[in-house]
Enquirer: 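Can you read through this structure? Questions will come right after.
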2 protein chains.
Amino acid sequence: MGTAERREREKEQRRNDIIDAAEAVFFSKGIANSTMDEIADVSELSKGTLYLYFKNKEDLYLAIILRGLAILQAKFEETLKAHESGIEKTEAIGRAFFEFAKTHPDYFQAMLYFESADLPYDDESGYAAECLSQSNHTFEICARAVQAGIDDGTIRPDLDPMKTAMTLYGVSVGLLQIVSTKGQMIRECHNLNPDELIEYFFELIGNTLRTQIDE
Amino acid sequence: MGTAERREREKEQRRNDIIDAAEAVFFSKGIANSTMDEIADVSELSKGTLYLYFKNKEDLYLAIILRGLAILQAKFEETLKAHESGIEKTEAIGRAFFEFAKTHPDYFQAMLYFESADLPYDDESGYAAECLSQSNHTFEICARAVQAGIDDGTIRPDLDPMKTAMTLYGVSVGLLQIVSTKGQMIRECHNLNPDELIEYFFELIGNTLRTQIDE
DNA sequence: TATATGACTGACCATCAGTCATAATGTTAC
DNA sequence: GTAACATTATGACTGATGGTCAGTCATATA
């Protein structure tokens, strides 16, 4: 009989329930101001139980980040299919990333934590290693877009797809981070709409990737 | 009599001594794993005294960040003077930033915290507002370099100096952050030297800023 | 019905940021 | 010199919170 299988399913369900509760708490007050006691309350479980399913507070947060990465990946894959030329695919993925930051600000905020924190990637038992692996997979999707552009001649052939993907991802994160933490200052001291800065960024790098016609 | 002035000097000295001790502790184990008790020990003061000079733990950390910002600013100012053309000034400042991250990894790490954390910028009594102000001043130095390039014709005249400075700063921080937190992965999974990625970045954006000869 | 399993509990512990009553030190006035 | 006052320093204490563990209980197995 499938007792063990059922148990496994139920366990998976519990795990998801806990992540749901954790999202509600973490997203409403940030990781620093959230307590495991409150998450236990919201999930209607005891604090001890949380620790049966997750190593520690950070690990639970990383489980949320993994959800965010999955959403982002799906979006990227979809974007990759929806466009014809490689340069279009690449720019569309870039825009999809900024779009993601806007439509899923909570997941994006969590992902900024993932990008800036020093995590125990060597510990195989936690979520950090899995996050890193998925993050790598995300890079690969971006790299495929660049590769497509090189293949169809819309992107400079001298570019390295993986290097380009990682660089673009890194700089995008940085720009979004500055917009996210200093947005108010940008608006008030410089009378700039943060979105303008992002559009400006696209203009700046847009021509960098494209094949130069005049050579 | 200069009693009050002497007092003020001594107080400033104490404050600096505390920051020195805090640097030793924070730099050796990161903000999360450092305790105010240990900083009190190292500074040979009681914990209570620390709180006479600094609002809280984060504020003490921000005082360190302010030192980092001062070093960076000095480096930028110096770089600005050391080069002739505007485009050279701008690229040199970019390289000076990456150089700073290498020669002062501890200050740079602290500055990454400043870039990613949500800080109480409205609280005038703490260091956060001062950090933001100095960070703004840093932008302005960069913007001066870009402006110089526009003026002397080495940088595209259609660029906005301040927007360009902020964008370049943001993307640089992002790239350095990814190199800093995922450097090992970049090395191991992709057989890349993180420095290559940074050089790649300069190549990518280099031509973006320069005045196009063929138009 | 009796035994075994393992999910769950919540009281408990250790740590640590931040506070406050008290003490020590320095300054001024006489 | 010393009394009165002001400033600075102390460290024991508190409250919050991440994490643990001995024990409970519902359910599955024999």
Side-chain angles (χ1 to χ4, degrees), chain A residues 1-22 25-26 28-64 113 117 119-120 123 125-128, chain B residues 1-22 25-26 28-64 113 117 119-120 123 125-128:
Chain A
M1 71 188 69
T3 313
E5 287 81 356
R6 197 209 60 212
R7 280 250 168 99
E8 205 49 50
R9 269 202 317 280
E10 284 176 351
K11 227 167 154 174
E12 203 51 39
Q13 183 59 48
R14 261 274 188 281
R15 186 183 299 271
N16 271 309
D17 290 346
I18 293 174
I19 301 176
D20 287 341
V25 177
F26 281 137
S28 77
K29 41 180 74 170
I31 183 171
N33 298 314
S34 301
T35 70
M36 291 299 270
D37 283 295
E38 187 172 353
I39 294 170
D41 264 9
V42 173
S43 64
E44 294 178 312
L45 289 167
S46 72
K47 186 158 65 160
T49 304
L50 302 187
Y51 284 91
L52 291 177
Y53 287 86
F54 299 91
K55 257 183 117 67
N56 51 41
K57 186 182 177 183
E58 184 175 68
D59 210 45
L60 179 48
Y61 198 58
L62 287 171
I64 294 173
Y113 176 85
L119 301 170
D123 177 4
S125 72
Y127 276 84
Chain B
M1 71 188 72
T3 313
E5 289 79 356
R6 198 208 59 211
R7 275 256 169 101
E8 205 48 52
R9 269 203 317 280
E10 284 176 351
K11 225 168 155 174
E12 204 51 37
Q13 183 59 49
R14 261 270 189 285
R15 189 185 296 273
N16 271 309
D17 291 346
I18 294 174
I19 301 177
D20 286 341
V25 177
F26 281 137
S28 78
K29 41 181 71 168
I31 183 172
N33 298 312
S34 300
T35 70
M36 292 299 271
D37 283 290
E38 187 172 355
I39 294 170
D41 264 9
V42 173
S43 64
E44 294 177 312
L45 289 167
S46 72
K47 187 158 65 161
T49 305
L50 301 187
Y51 285 90
L52 289 178
Y53 288 85
F54 298 92
K55 255 184 120 68
N56 52 40
K57 184 182 176 183
E58 184 173 70
D59 211 44
L60 179 48
Y61 197 59
L62 288 171
I64 293 174
Y113 176 86
L119 299 170
D123 177 4
S125 73
Y127 276 84

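Letters A, B, ... are given to chains in the order of the sequence lines, protein chains preceding strands, and every chain is numbered from 1.
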Enquirer: Report the distance from atom CE of A/Met36 to atom P of D/dT20, rounded to the nearest whole Å.
Expert: 10 Å
Enquirer: Could you state the CG-P distance from A/Asp41 to D/dT17, rounded to the nearest angstrom?
Expert: 12 Å
Enquirer: Only counting residues at least two apart or in another chain, list the ones meeting side-chain hydrogen bond (donor to acceptor under 3.5 Å, both in side chains) with B/Lys11.
Expert: none
Enquirer: Holding to ring-ring contact (aromatic ring centres under 6.0 Å, His included), I want the full list of residues that pass it with B/Tyr51, two or more places apart in sequence or in another chain.
Expert: none
Enquirer: How many whole angstroms separate atom OH of B/Tyr51 from atom C1' of C/dA21?
Expert: 18 Å
Enquirer: With sequence neighbours excluded, tell me which residues meet ring-ring contact (aromatic ring centres under 6.0 Å, His included) with A/Tyr53.
Expert: none
Enquirer: If you find the nucleotide of DNA chain C closest to B/Thr35 and the one closest to B/Glu10, which residue's nucleotide is nearer the 5' end?
Expert: B/Thr35
Enquirer: What's the CG-C1' distance between A/Asp37 and D/dG19, to the nearest Å?
Expert: 10 Å
Enquirer: Separation of B/Phe26 atom CZ from C/dC16 atom P, in whole Å?
Expert: 13 Å
Enquirer: Report the distance from atom CZ of A/Arg6 to atom P of D/dT27, rounded to the nearest whole Å.
Expert: 9 Å
Enquirer: Could you work out, with salt bridge (Lys or Arg N to Asp or Glu O under 4.0 Å) as the rule, every residue matching B/Asp17, not counting sequence neighbours?
Expert: none
Enquirer: Specify the separation, in whole Å, of atom NZ of A/Lys57 and atom P of D/dA16.
Expert: 15 Å
Enquirer: I'd like a table of atom pairs between the protein and nucleotides 7-11 of chain C - only N or O on both sides, under 3.5 Å - with the distance next to each one.
Expert:
{"from": "C/dC8", "atom 1": "OP1", "to": "A/Arg14", "atom 2": "NE", "distance (Å)": "2.6"}
{"from": "C/dC8", "atom 1": "OP1", "to": "A/Arg14", "atom 2": "NH2", "distance (Å)": "3.0"}
{"from": "C/dC8", "atom 1": "OP2", "to": "A/Tyr53", "atom 2": "OH", "distance (Å)": "2.7"}
{"from": "C/dT9", "atom 1": "OP2", "to": "A/Ser46", "atom 2": "N", "distance (Å)": "2.9"}
{"from": "C/dT9", "atom 1": "OP2", "to": "A/Ser46", "atom 2": "OG", "distance (Å)": "3.4"}
{"from": "C/dT9", "atom 1": "OP2", "to": "A/Thr49", "atom 2": "OG1", "distance (Å)": "2.9"}

Enquirer: Give me each pair satisfying salt bridge (Lys or Arg N to Asp or Glu O under 4.0 Å) with a member in residues 40-51 of chain A, each pair once, sequence neighbours excluded.
Expert: A/Asp37-A/Lys47
Enquirer: Determine, for A/Arg9 against A/Glu5, whether the closest basic-nitrogen to carboxylate-oxygen distance falls under 4.0 angstrom.
Expert: no
Enquirer: Pick out which of A/Arg6, A/Arg7, A/Arg14 makes a salt bridge (Lys or Arg N to Asp or Glu O under 4.0 Å) with A/Glu10.
Expert: A/Arg6
Enquirer: Identify, with sequence neighbours excluded, every residue that meets side-chain hydrogen bond (donor to acceptor under 3.5 Å, both in side chains) alongside B/Thr49.
Expert: B/Ser46
Enquirer: Under 4.0 angstrom, heavy atoms only, what part of the nucleic acid is A/Ser34 near: base, sugar-phosphate, or nothing?
Expert: sugar-phosphate
Enquirer: Roughly how many Å is it from NZ in A/Lys55 to P in D/dT20, rounded to a whole number?
Expert: 9 Å
Enquirer: Give me the bend of the helix from C/dT1-D/dA30 to C/dC30-D/dG1, using the axes of the five pairs at each end, rounded to 10°.
Expert: 10°
Enquirer: Please name all residues satisfying side-chain hydrogen bond (donor to acceptor under 3.5 Å, both in side chains) with A/Glu8, sequence neighbours left out, ordered by chain then number.
Expert: none
